[in-house]
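To start, the structure under review is shown below, and the notes come after it.
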Amino acid sequence: MNRRFRGWGGSSCLPLRAVLLAVACASGLVSPPVASAQVAPARSADTSGGVSIDTSGVPYPYSAFMAQVLAEHPVVRQAELLVEDVRNQLRSAWGAFDPTLTASWDQKRFSGTNYYAYADVGLKIPTPFGSDLKLGYERAAGEYFNPDRRTPEVGLITAGISIPLGQRILTDERRTALTQARALRDVGDAERITMLNALLVNAARAYGSWYEAWQRQAIAAEGVALAQFRLQAVDARVRNGDSPPVDTLEASLEVQRRDVSRREAEQSYFAATISLTAYLWDADGRPIALADSARPTLDGIGSAEFPVPDSAAVAAWLEAARRANPKLQKVDAELESAEALRRLSGQQLIPFAEATVYAISERGDAPPLFDRAEQEDNYKATLDIKSPLLFLKERGKFGSAGAKLDSKRIERDRLARDVQNAVLVAANDLTVLVTLVDLQALNVARARALRDAEQTRFANGESTLLVVNIRERLVLDESVKLAQYQGKLAAARATLAAAVGDPSSVAGIAGMR
């Protein structure tokens, strides 16, 4: 997703905001905002005191924001580079099985005499079983050379195989290195998912905080509008002699109290917008800003779209976490690497023995290289044996590798329990939050009904302005608390998806239903 959002956002343009924006643009920290028409707030002051949230502006959904983060954030690119690095290391480990071609030519000539000329060409082909296939060509010419290097005029062709008889039968250094490189690749994949999960969870929290701050600002601004409307009504009642003059002081004090709350809410909204903007980058790796007209929306992840999780859903999440959680995948890969190292150290407790056999033939048609009738007279063979007497170093390595393997197994068991607990806690938090959102919405409705009833009593002269203000403060406080729970929903769902171990579920929570 390459859609760019420019500007700082917010319905009130503070002078400080403009200064900070100008400094940021001048320093190159953000792209300068494009000119855009300002949308006037669409709040309406209900004479009955109802809180009407501003719904103007262009919705910037949670899913669109997370898609932008997942597509363009620098951490995502770093994660991809990490995977590329470990895959290159795996390619390097495969190099131990790369066929090797060698060639050498050695000649001595002095005072017109050709002492010797040696030519050797060889091809070594490693196999995954510890043996090596070897092909070669050698030729010796001249008047003076070692007798054992004498060859026919056309040279000799050799074909042979080296076979381990002791160490390296089951595994060797190159097979162990390949196994460890594969495990490192799996570790890199797990670390990539861990990085993405951490990024997206933090981004989800930033979006939830932005949503809450936006709601707080709208509620505070609406509270000021209602208090100002009531102050005008009280002034008219005082002039008509229907209310005591002290009600004017009470009404004006309430306006001031709510104006302070509004300014605090604007400051919090500005800070939340800046925090959200830190996650916005374009395809060229440059930071971008948020449009003034952008507003948050929890469409698609609210409590209405997702019922309270049941036991079947929790069981499914636990099973998914056992399969996909990157922490478990990482420790499983490290466990595989430790097992490979222990197998190698165990092999080193066996004496080293290797036999190499070559069939020899002149270059040409006869005798055939693998003619059974000629094998007894045309071959060369070597047998190498080497062994320490006490195996002190080998036993030490074997014991150390075993201790590391046992430590990894203990770590795996501990992490499995931690992941299970993290999923259970995240699922419980989500369950509680979904329930709290529904209950708090009911609290807001009831607080509004009480406020409306008190407003009617005040209009009939049966109540006081102080009681009306108290009832209205309750509506505002309960509305703010509802915004808090709604804002936490985004982070709670992302935390659960990260505990399960699927970044795509963090970005698109619908996949976890």
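Just so you know, these numbers use all the heavy atoms, side chains as well, and skip hydrogens, waters and symmetry mates. What you are looking at is a predicted structure, and each value in this text was computed from that prediction instead of being measured.
Residue-environment remark: CZ (F129) stays at or below the threshold of 12 foreign heavy atoms within 6.0 Å. Shown here is R446, whose CZ atom has no more than 12 heavy atoms of other residues, nucleotides or ligands within 6.0 Å. Environment of NZ in K134: crowded, with over 12 heavy atoms of neighbouring residues, nucleotides or ligands closer than 6.0 Å.
L196 and A79 get closest at one heavy-atom pair: CD2-CB, 4.3 Å. Minimum interatomic distance between A333 and V187 (heavy atoms only, all atoms of both residues): CB-CG2, 3.5 Å. Residues L430 and A492 approach most closely at CD1-CB, 4.2 Å, considering heavy atoms. Shown here for L433 and K488, the closest heavy-atom pair between the two residues is CD1-O, 3.7 Å. Across every non-hydrogen atom of A204 and Y62, the tightest pair is CB-OH, 3.6 Å. For the pair L328 and A321, the tightest heavy-atom approach, listed with the atom from each and the gap, is CD1-O, 3.8 Å.
Between the side chain of N325 and the backbone N or O of K327 there is at least one donor-acceptor pair closer than 3.5 Å. The backbone N or O of E264 lies less than 3.5 Å from a partner atom in the side chain of S268, making a donor-acceptor pair. Judged by distance alone, the side chain of Q440 and the main-chain N or O of K481 form no donor-acceptor pair under 3.5 Å. Side-chain atoms of D85 do not come within 3.5 Å of backbone N or O of L81 as any donor-acceptor pair. Of the possible donor and acceptor atoms, one in the side chain of T495 sits under 3.5 Å from a partner among the backbone N and O of A491. Although no hydrogens or angles enter the test, the distance criterion places a donor-acceptor pair under 3.5 Å between the side chain of Q347 and the main chain of L170. No donor-acceptor pair under 3.5 Å is formed between the side chain of S131 and the backbone N or O of T127. Using a distance-only test at 3.5 Å, with no hydrogens or angles considered, no donor-acceptor pair links the side chain of R192 to the main chain of Q78.
Here the options are Q455, R258, R448, the test is side-chain hydrogen bond (donor to acceptor under 3.5 Å, both in side chains), and the partner is E472; only R258 passes.
Considering only heavy atoms from C-beta on, L476 stays 4.5 Å or farther from V480 through its side chain. Put simply, the side chain of L178 reaches to within 4.5 Å of the side chain of L90, judged on heavy atoms. Here the side chains of E191 and P326 are not in contact, with every heavy-atom distance at 4.5 Å or above. Counting heavy atoms from C-beta on, the side chains of R493 and V434 come closer than 4.5 Å. By the 4.5 Å heavy-atom criterion applied to side chains, V234 and L465 are counted as neighbours. Y60 is not listed as a side-chain neighbour of T297, based on a closest heavy-atom distance of 4.5 Å or more. Counting heavy atoms from C-beta on, the side chains of R216 and Q484 come closer than 4.5 Å. For the pair L466 and D247, the minimum side-chain heavy-atom distance is 4.5 Å or more.
Distance check: S261 OG to Q256 CD gives 11.0 Å after rounding to the nearest 0.5 Å. With values rounded to the nearest 0.5 angstrom, I125 atom CD1 is found 9.5 Å from T100 atom OG1. The line from CZ of R230 to CG of L226 is 6.5 Å long, rounded to the nearest 0.5 Å. Rounding to the nearest 0.5 Å places OG of S275 at 11.0 Å from CG of N202. Note that OH of Y269 and CD1 of I274 are 10.5 Å apart. Values are rounded to the nearest 0.5 Å. Separating the CG atom in D189 from the CG atom in L184 is a distance of 10.0 Å, to the nearest 0.5 Å.
Between Y211 and W214, the angle of the ring planes lies from 30° to 60°, which puts this pair in the tilted group. In this structure, F65 and Y279 have perpendicular ring planes: the angle between them is above 60°, well past the 30° mark.
Between R473 and E254 a salt bridge is recorded (basic side-chain N to carboxylate O distance below 4.0 Å). The pair E339-R342 fails the salt-bridge criterion, with no side-chain N (NZ, NE, NH1 or NH2) lying under 4.0 Å from an Asp/Glu carboxylate O. Looking at R262 and D259, a side-chain N of the basic residue comes within less than 4.0 Å of a carboxylate O on the acidic one, giving a salt bridge. Between R77 and E72 there is a salt bridge, since a side-chain N of the basic residue sits under 4.0 Å from a carboxylate O of the acidic one. Between D132 and R174, at least one side-chain N (NZ, or NE/NH1/NH2) sits under 4.0 Å from a carboxylate O, which counts as a salt bridge. Look at E319 and R322 and you find a salt bridge, because one of the NZ, NE, NH1 or NH2 atoms lies within 4.0 Å of a carboxylate O, short of that distance.
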Under the side-chain contact (heavy atoms from CB on, under 4.5 Å) rule, what do E250 and N469 come out as? Steps first, then yes or no, please. CA-CA 9 Å; E250 171 72 24; N469 286 336; 3.2 Å; yes
Step by step, would you call E336 with Q180 a side-chain contact (heavy atoms from CB on, under 4.5 Å)? CA-CA 8 Å; E336 181 181 356; Q180 290 181 316; over 6 Å; no
Worked verdict on M66 versus Y207 for side-chain contact (heavy atoms from CB on, under 4.5 Å): CA-CA 9 Å; M66 298 299 280; Y207 190 92; 5.7 Å; no
One pair to check against side-chain hydrogen bond (donor to acceptor under 3.5 Å, both in side chains): Q486 and E212. What are the steps and the verdict? CA-CA 7 Å; Q486 290 173 331; E212 178 186 342; over 6 Å; no
Begin with the C-alpha distance, continue with both residues' side-chain angles, and end with the deciding distance and a verdict on side-chain contact (heavy atoms from CB on, under 4.5 Å) for M195 and L199. CA-CA 6 Å; M195 292 174 65; L199 168 67; over 6 Å; no
Side-chain polar contacts of residues 414-428 - donor-acceptor pairs under 3.5 angstrom, sequence neighbours left out - could you list them?
from : atom 1 : to   : atom 2 : distance (Å)
R414 : NH1    : D418 : OD2    : 3.1
N421 : ND2    : R417 : O      : 3.4

